[in-house]
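Notes for the one structure printed next.
This one's a predicted model, so the numbers in the text were calculated from it and none came from an experiment. We count ligands from 1, going down the list as the structure has it; atoms in each ligand are counted the same way. Side chains are part of it too, since the values below use all heavy atoms of this structure and drop only hydrogens, waters and symmetry mates.
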Amino acid sequence: MRVLLIQPSMIVSERWSYKAEPFLPVGLGLIASVLREANHEVKIVDALTEGWEKRWRLEGNWIEIGLAEEDVAAEVREFRPHVVGFSIPLTSQLPRVRSLARWVKAIHPEIFVICGGNHPTAAPRDMLEIPEMDLVVLGESEAVLPQALDRLANNQELDDLAGVAYREIEGGIAINPISDYSEDLDSLPLPAYDLLPLKKYFKITGKRSIPFFTSRGCKNQCAYCTTRQHAGKSVRQFSPQYLLKQIRHLIEYYGVREFFFDDHGLFLDKTYTKSFFKALQESKLKIQWHARNGINPCVLEDDLLDTLKKSGCKRLYFNPDSGSRRILSRCLSKPYNPFVTEQSIQRTLRSGIKVSCQFILGSPGESMDEIYETLNFAWKLRNMGVDQFNFDLAVPYIGTKLRKLAEKKNCLLPYPDQMYTPDDALMSTEQLDAADLIRIRDTAEREFNSRGLVVGLKSRRFNTTKQSAVTEDRIFYSVAPQPYLTSRKLKPALAKNPA
Ligand code: B12
C-alpha cells in the first residue's frame, strides 16, 4: 500500500509561538522504517518542520505554525495514498488534524485515515468522534500498525487486535487496550531518517542536533505526564551497541554532532546509564550531548557524572517542578524531593556540566506561600550556578492525573476545547485566578531574566523567534474542496482504497 504519514502543524497562543520548539517526528520515522520493511511505499510530510517559518494568524488570535492545509492536501493528491496517518504527540496539533482529515476524505473518500501518538492514545474516543477518522493506534505502533494494514488490505476484522480503537459497523466505538510492549527494542530498525526533513530541522535549530531516545516507558507517575500510559511502566532499553550504531549512522550520514537525549528512562537504572555512557566514552565518537528529560537526581553520583562529562555531556535539564514538598507529593506525584534535587544539582555543577531547571506554577490547590517556596528554591539554585530557568503554568492534559485532580477540585477554567499550550492559565487555584497566575509566571521569568540570567526558553529552545517571518491572517478552517474522485478503477483487495 501507499502510506502517507503526516506530522500536522500546531496551533498555539501568540506568546507560545515565540517559544515553541521544533518537534522532529522521530516516531513517524520509525513507523516509516517498519512499513518499508513490510514492502509498503511510504512518504512523510512534516508540515510542522517544513513550514516552521510560516506563521498564520487565525480567528481568535491563535497562531498556526506550519504548512498551510492546502499545501498538505496537495501532497495527498500527488502521492495518491491508500492510507493517511497523522502523528499527534501534542494536543496543539489536534485542531488542524480535524480539517486535514476532511480534506483527505474529500480528495478520495476511501483513503483510510488513521492516527497515533500521545494525544490519541490518551483520548481515542475523542479522536473517533472526528467523522473522517477510521482508526487510532494506541501507544507504540511498530508491531501493531503493519498488522492493522494487512488486515485492512485483506478486509479482515480488527476485533482481536490489541492496541487499536475504531468505529464498529453497528456504530459503537471499540477500544482494544494495549496488551504488551515490545521487550526487544534492538529488533527495531533505525528510524527512516532519509524520509525526515533533517536539513530543514538543522536549519531551524541552527545546529546539526537531533533528539535521541535510549529507552521506552517510565516507572514514575508524574501527574502531568502521559508517558506511562503511552509506553508502559516498565522501562525497556536499547542496548548500548544498538545506540552506538544509531549514533554512528547519524554522524556518518547526516553529520550530526549534538544529541538531545529525550527519553524518560535514561537515568532510571544507574547500571544501565553507566554502561551506555562508558561505551560512548570508549567509542571516542566526538559528540556533545544534553539530556532534556527524565533526570533522576538520585543516581547522579560523582562517578557517574564523571563518565557523563567525559562522554560529551554539556547540560542536564532538571525538573525540580516545585519547591514545595506538598505540591510535589500531593499534586504532581513527583518521586524526588527538593533536598535531593539540590544536592544532585550541586554535584552536577561541580562536575562541570551545566544545569537548566524547569518549574511548574499553579497546580490545583497551590497557595501563594507554596509558589514562594518554589521561587525561593529557584533562587537558591540560581545562586549555586544554574543558568537557565523555565516557569510554565500547570497544564491538565487529557489522560493525566493532574486533569483528574483538576476535575475533582473543580478548578478547570473555560478554554477552547483541546487547544492546550502551557502558556495560558488553564486552571485556577483556591487562592489564585488566571490573571494572578499569569502575572506571577511573567514576573518570575522577568525577575530571573533581569539579573543577567538567560531564561531557558530562548537558548534551550533554539532561537526560533528570528525565523518567525511574516505572520499572515487566514480563517481557521478553509473549506475542503468538493470530492475529487480518481477515474481509475479501485483494487478490491485494498479495502477499496484508491489505486
Ligand atoms: C522528547 C519530547 C519532547 C522534545 C521534542 C522531541 C522531538 N521528537 O523533537 C522537546 C523537549 C522539544 C519537547 C517539547 C515539548 N513537549 Co514534549 N515530549 C517529548 C516526549 C518525551 C517524547 C516524544 C518523542 O519524540 N518520542 C519518540 C518517538 C519515537 O515516539 P512517538 O513520537 O511517541 O511515536 C511512537 C508512537 O506514539 C506512535 N505514533 C506516533 N505517531 C504516530 C502516527 C501514526 C499514524 C501511528 C499509527 C502511530 C504513531 O508510533 C511511534 C513509534 O512507536 C513525549 C512523551 C513521550 N514519552 O512520548 C513528550 C510530550 C509529547 N511532550 C509534551 C509537552 C507538553 C511538550 C511541551 C509543550 C513542553 C513544554 N512545556 O515546553 C513542548 C512543546 C514543544 C513545542 N513544539 O511547542 C507532552 C504533550 C502533551 C499533549 N497532550 O500535548 C508529552 C506527551 C509529555 C507529557 N507531558 O505527557 N518534547
I'd like the name of whichever of [options] reaches closest to [atom] through any heavy atom.
atom                    : options                        : value
atom 24 (C) of ligand 1 : Phe212, Tyr317, Phe213, Tyr397 : Phe213
atom 33 (O) of ligand 1 : His230, Gln93, Arg216, Gln358  : His230
atom 36 (C) of ligand 1 : Gly116, Ser87, Gly27, Gly139   : Gly139
atom 13 (C) of ligand 1 : Trp16, Phe260, Phe23           : Phe23
atom 49 (C) of ligand 1 : Leu35, Leu138, Ile31           : Ile31
atom 58 (O) of ligand 1 : Leu145, Asn118, Ile65          : Asn118

Between [Y] and [X], does any NZ, NE, NH1 or NH2 come within less than 4.0 Å of an OD or OE carboxylate oxygen?
X      : Y      : result
Arg208 : Glu258 : no
Arg236 : Glu140 : yes
Arg57  : Glu14  : yes
Arg15  : Asp442 : yes
Glu50  : Lys199 : no
Asp134 : Lys105 : yes
Arg151 : Glu157 : no
Asp423 : Arg441 : yes
Arg98  : Glu69  : no
Glu407 : Lys401 : no

Atoms in ligand 1 with a heavy atom of [X] nearer than 4.0 Å:
X      : answer
Phe86  : 43 (C), 44 (C), 45 (C)
Thr227 : 55 (C), 56 (C), 57 (N)
Glu142 : 52 (C), 53 (O)
Thr91  : 82 (C), 83 (N), 84 (O)
Pro211 : 7 (C), 8 (N), 9 (O)
Leu24  : 7 (C), 8 (N), 9 (O)
Gly85  : 45 (C)
Met10  : 76 (C), 77 (N), 78 (O)

Select one of side chain, backbone, both or neither to describe which atoms of [X] lie under 4.0 Å from any atom of ligand 1, heavy atoms only.
X      : answer
Val137 : side chain
Ala20  : both
Leu30  : side chain
Leu28  : side chain
Arg292 : side chain
Asp392 : side chain

So is [X] polar-close to ligand 1, meaning N/O to N/O under 3.5 Å?
X      : value
His119 : no
Ser141 : yes
Tyr201 : no
Asn293 : no
Glu140 : no

Gly294 near ligand 1, heavy-atom distance under 4.0 Å? no
Might you work through the side chain to side chain contact (heavy atoms under 4.5 Å, CB included) test for Glu64 and Arg96, ending with a clear yes or no? CA-CA 9 Å; Glu64 177 167 12; Arg96 187 48 74 213; 2.6 Å; yes
Trp289 and Phe260: aromatic ring centres closer than 6.0 Å? no
Would you please name every residue forming a side chain to side chain donor-acceptor pair (under 3.5 Å) with Thr49, sequence neighbours left out? Asp46
Which residue, Asn390, Val386, Asp387, forms the side chain to side chain contact (heavy atoms under 4.5 Å, CB included) with Cys357? Val386
Is there a salt bridge (charged side-chain N to carboxylate O under 4.0 Å, His left out) between Glu53 and Lys200? Walk through the geometry before answering. CA-CA 11 Å; Glu53 62 293 315; Lys200 181 68 192 285; 2.7 Å; yes
